[in-house]
Every structure is written in structure tokens, then in C-alpha cells.
Amino acid sequence: MGNFSQHTHINIIANQNVWLEDSAIAQLQATAALAHIQAAVGLPDLHAGRGYPIGAAFFSTAHFYPALVGGDIGCGMALWQTDLKHHKISGSKLAKQLGNMDGVLPDNLLQDAANALGGLALQHLPLDFDSLHQSLGTIGGGNHFAELLQLDSLFVEQPHLDKSHLFLMVHSGSRGLGGEILRQHLNQFGHQGLAANSIEATKYWAQHNAALHYAHLNRLYIAKRMFKAWKTSASCVLDISHNHVVPFEWNGQAGFLHRKGAAPADQGWVMIPGSRGDYSYLVEPIGGEMALYSLAHGAGRKWARGDCQGRLAHKFKAQDLRQTQFGSTVVCGDKGLLYEEAPQAYKNIDAVIASLVDVGLCRLIARFKPVMTYKKGETPCC
DNA sequence: ATGTCC
């Protein structure tokens, strides 16, 4: 057998109010039992994924697992404070000003984007410059979004956060790049772990790091194109990836920390979004040893994507889902996605946040409520 | 998650 699963530490951070599926816990245990994994943590947004759970962190020694990071390498959350004033303009008007954001960047950002991509190690990557250039600044599908927020409550006095301003939160990743890196890697090596410092580990590592960089630029250019459309400027509060593997020391051992839909607790403030119809929380991580220096990356799914339309269509028409309990506007031209990402499909964010706060993993800085959520254009882009 | 895949 040769693995040490009987010694693996497994910790699940969730209070009794958090929805937790047995299938997600089974995936957490199965992944924790892989060779070389020493510790596993399920965050309160834990839910079942494709083979591996989402909302989880894993520490391994000597080897690491590209398959565990998954296809969206570098996916993460970014937050800006914009110069827009919340009382001046409605979510629906702001959505109209955006138009369609799904195609290539507007001309006035394309050259800027090309220059930014110059810093990428293209020789290591499976996609060429043109392909990366065309995808840059696009949100993508699934749970990705860009959302304008109103700062609803400040729990700690923060001179740099202004309640009269709107904030922009962007959740997106490395688009086709991360998926292609994983696909090519799986073709050659399958799901096995890679020995640290091996040739294949070194190659994956270079690609992984480039995907992290590309994903960061993608969120930046999504934000930039929106700021252009709104004729506003903004300052970045944070930009943090929640899908990655990094060298890490745990319990006195050198190894690797895999975060699979888990926000880092060692890189400053973290934004934890609720569903598009719920609050989002800005938190300050504290300590983190018990949770492998990781926090929830969102509310976490409660319903499988495939179940949503069937569960909701008898009660809600598509149009009903384009507005939330806060009166915020949802832009989503894809009817299937409108149902899959409905607030009802997600866990209660307050239970998720309380689970983290109760065990001392973070303190609250601010609460935000959605004004406008952009998923996909309502009108054709090209 | 994916200019997806049957």
C-alpha cells in the first residue's frame, strides 16, 4: 500500500447550521487517503466536485498533485473600491452602460493588454500569444462573475474603505489556459503525484505559475474594461487566488499546500462572496494552523448544477431570476446559467462565515450587498 | 472550468 492515510489529519470547519453533503465528506476522505497527503481540511463551503472536493486544502510531502488543483489554475477573487457613488446611479443603468463584456477587449485596452502579457513565460505554455490575448479580460462561465457592491456595514473602523463608493468584485481564472495545462499533463501522467524537483514537476510548476499570473491579469482586465465603460477609476483592495499548489511548511515538515476552492489565510484580507442574491464579507484572517492557513472561498454549492432548473422552474421564470432580494440586477443571457447560479443553489453565507469566526479563523471587516451582477451578456457581443 | 462533448 505504501501510503500513510491512517496518519492523515482531517479537519472539517463547519458549525451545525452549515449544509454538508455526505458525498463531499467522502471525497475529502478519499483525497486525504492519497499517498503523501499528511493533512486535509474541509472549509465550510465544502461541496462535491469532479472527483475532488471543492472548498478544501491538502498538505503533502515530497510529492504534489496537479489533478487536485484542477483545471482552473489561479482562479481567484479580486476587489476594487471604485470612484462611483452608490446613490447616483442604479444597478440596471450601470448594467446598460456595460453592454456586452464577453468578447475581446475594446481597442483602447488591447495594446495595453498585449504589453501586460509580455511578462508571461510563453515558451512554457500550451497556448499561443494570440489565444491568450483574445481571452484576456473575459469572465467565462460557471460560477465566475463580476459584481458591483455597496458597502453595507463596517465592523472595524477603516479609513480606506468609503461607504459612499461602489466596489467591484471579480471572480475569474485562467480561462482556457489552466484547462489546457491540466489536460496535457493528465494525458502524460494521469492523476499520480509528481515527485518534487523531478523534470515533470518543474515543467508543471512553470506552467502553473504562468497560469496564476495570467489569471491575475484576467481579473485586472475584466475590471479595467468595466471602469472604462463606466468612465471611472478605482483602487485595488485585494486579488487572491484560491486554486493553486504552493511550497509550504506544516508541522515542521517541508511540503506542498494544495488549495482547491480555498482562500489563503496568509496573504492579508480575504473577500468571501455569498451567492449573487446574498451578502459578501471582507474578513481578516487570524492564525490558521488548524485550517492549513485557508478559509472558505465562497458560500459553496448546495445543489448540483443539473438539479437547479428542475427545482426552480415551476416557481421562477427566467425573468424572475434577473433580480434579487436586494433589488440588485443580474445580467445573464444564458438561461441555463441563470438557474444554475440561482441564490437557492448556494449555502447560507452567514452560516459559512459564522463557522470561520466561531473557531477564531478570521474577524469581520465589512459586509457588502450586491447592486449588479454580470455573468453573461444579454445581447450578442459580435 | 472549458471558444466543452456526445
Side-chain angles (χ1 to χ4, degrees), chain A residues 24 27 31 45-56 65-78 100-105 110 113 117 125-146 170-187 191 204 207-208 210-219 221-222 225 240-245 258-263 273 275-276 297-301 303-306 308 332-341 345-346 374-377 379-382:
Chain A
Q27 281 188 341
T31 307
D45 55 336
L46 183 74
H47 61 283
R50 292 209 148 191
Y52 304 104
I54 300 158
Y65 293 88
L68 185 45
V69 176
D72 199 1
I73 304 163
C75 183
M77 212 67 68
N100 189 302
M101 293 271 129
D102 305 340
V104 295
L105 288 165
L110 263 184
L117 287 178
L125 297 179
L127 296 184
D128 64 18
F129 179 87
D130 285 344
S131 163
L132 295 172
H133 192 204
Q134 285 198 354
S135 297
L136 195 69
T138 61
I139 292 168
N143 58 359
H144 290 172
F145 61 81
V170 173
H171 177 213
S172 189
S174 53
R175 307 294 282 107
L177 176 60
E180 189 57 22
I181 291 169
L182 180 66
R183 194 187 67 79
Q184 293 192 7
H185 178 82
L186 289 178
N187 276 344
H191 286 246
Y204 174 79
Q207 295 186 325
H208 164 282
L212 251 58
H213 186 187
Y214 182 74
H216 159 71
L217 289 176
N218 190 39
R219 290 185 288 273
Y221 278 85
I222 290 165
R225 76 192 295 173
I240 297 181
S241 154
H242 49 231
N243 282 357
H244 54 240
V245 52
H258 307 69
R259 292 195 179 98
K260 174 78 173 165
S275 75
R276 70 189 183 207
H297 80 312
R301 291 198 76 82
W303 296 350
R305 289 188 177 280
C308 297
C332 186
D334 179 334
K335 192 178 160 193
L337 195 56
L338 202 50
Y339 282 92
E340 287 174 16
E341 292 290 311
Y346 281 85
Y374 185 102
K375 297 284 291 176
K376 279 248 190 286
T379 51
C381 70
C382 1

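By convention in this document, chain letters (A, B, ...) are assigned in the order of the sequence lines, proteins followed by strands, and residues within each chain are numbered from 1.
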Once you round it to whole Å, what is the distance between [atom2] of [N] and [atom1] of [X]?
X: A:I139; N: B:dA1; atom1: CD1; atom2: P; value: 14 Å
X: A:L132; N: B:dT2; atom1: CG; atom2: C1'; value: 14 Å
X: A:N218; N: B:dA1; atom1: CG; atom2: P; value: 14 Å
X: A:Q184; N: B:dA1; atom1: CD; atom2: P; value: 22 Å
X: A:L68; N: B:dA1; atom1: CG; atom2: C1'; value: 15 Å

Pairing residues for A:R183 by the salt bridge (charged side-chain N to carboxylate O under 4.0 Å, His left out) criterion, not counting sequence neighbours: A:E180
Those residues that, when tested against A:E341, pass salt bridge (charged side-chain N to carboxylate O under 4.0 Å, His left out) (two or more places apart):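 For A:E341 the salt bridge (charged side-chain N to carboxylate O under 4.0 Å, His left out) partners, ignoring immediate neighbours, are A:R301, A:R305, A:K375.
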A:N243: side-chain contact (heavy atoms from CB on, under 4.5 Å) partners, not counting sequence neighbours: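 Result, side-chain contact (heavy atoms from CB on, under 4.5 Å) vs A:N243: A:D72, A:C75.
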side-chain contact (heavy atoms from CB on, under 4.5 Å) involving A:A67 - partner list, sequence neighbours excluded: A:Y52, A:L186, A:H191
Mind listing the N/O atom pairs, protein and nucleotides 3-6 of chain B, below 3.5 Å?
| from | atom 1 | to | atom 2 | distance (Å) |
| --- | --- | --- | --- | --- |
| B:dG3 | OP1 | A:G176 | N | 3.4 |
| B:dG3 | OP2 | A:R175 | NH1 | 2.7 |
| B:dG3 | OP2 | A:G176 | N | 3.2 |
| B:dG3 | O6 | A:Q134 | OE1 | 2.8 |

Sugar-phosphate only, base, or nothing, as touched by A:N143 at under 4.0 Å among non-hydrogen atoms: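 It contacts sugar-phosphate atoms only.
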Sugar-phosphate only, base, or nothing, as touched by A:G173 at under 4.0 Å among non-hydrogen atoms: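 Since no nucleic acid heavy atom lies under 4.0 Å of A:G173, the category is nothing.
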Side-chain donor-acceptor contact under 3.5 Å, A:Y374 with A:D102: yes
Residues that A:Y204 engages under side-chain hydrogen bond (donor to acceptor under 3.5 Å, both in side chains), provided they are two or more places apart: none
